[in-house]
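The structure appears below as structure tokens.
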Amino acid sequence: MDKLKYKKVNHPTGAIQTGLSGILRTVNSQGNADNAFIPLDPDNIDYQEYLEWVALGNTAEEAD
């Protein structure tokens, strides 16, 4: 899990909803850039992996 990198993604400006919309996995566990969008869904395996990564003391890059 030490190769993983994530970035928070906000809803676009002007969207009906505001705030965090998901997580972008910028580097996967193999060390490859993949830019996979991860929804904030507790049943999503990638989101569960992200939460484990955060629980280990890691921090995602803030949204733009």
Side-chain angles (χ1 to χ4, degrees):
M1 275 197 186
D2 60 337
K3 295 179 183 180
L4 293 168
K5 290 188 182 180
Y6 297 93
K7 182 174 182 173
K8 296 176 183 177
V9 178
N10 286 330
H11 288 280
T13 303
I16 294 172
Q17 294 181 324
T18 60
L20 189 65
S21 67
I23 306 296
L24 185 68
R25 182 178 56 218
T26 57
V27 177
N28 64 22
S29 59
Q30 288 78 39
N32 300 316
D34 72 347
N35 294 317
F37 180 81
I38 302 169
L40 305 176
D41 177 357
D43 293 328
N44 183 292
I45 292 172
D46 291 320
Y47 186 59
Q48 292 170 9
E49 179 181 61
Y50 166 74
L51 293 176
E52 289 177 25
W53 181 80
V54 170
L56 291 172
N58 298 293
T59 304
E61 183 181 341
E62 290 299 320
D64 292 331

Quick one: does Gln48's side chain have a donor or acceptor within less than 3.5 Å of a partner on Pro42's backbone? yes
Looking only at heavy atoms, the pair that brings Tyr50 and Ala60 closest together is OH-CB, 3.8 Å
As an exercise, state the distance from CD of Glu62 to CG of Leu20, rounded to the nearest 0.5 Å. 9.0 Å
Do Lys7 and Asp64 come close enough that some side-chain heavy atom pair is under 4.5 Å? yes
For Asn35, I'd like to know if atom CG has over 12 heavy atoms of other residues, nucleotides or ligands within 6.0 Å. yes
Please name the pair of heavy atoms, one in Trp53 and one in Lys5, separated by the smallest distance, quoted to 0.1 Å. CZ2-CA, 4.4 Å
How far apart are the closest heavy atoms of Asn10 and Ala63, and which atoms are they? ND2-CB, 3.4 Å
Least distance between heavy atoms, Leu40 atom then Tyr47 atom: CD2-CE1, 3.6 Å
Asn28, Leu51, Ile38 screened by side-chain contact (heavy atoms from CB on, under 4.5 Å) with Asp46, the one that passes: Ile38
Pairwise distance CD(Glu49) to CG(Leu4) - rounded to 0.5 angstrom: 5.0 Å
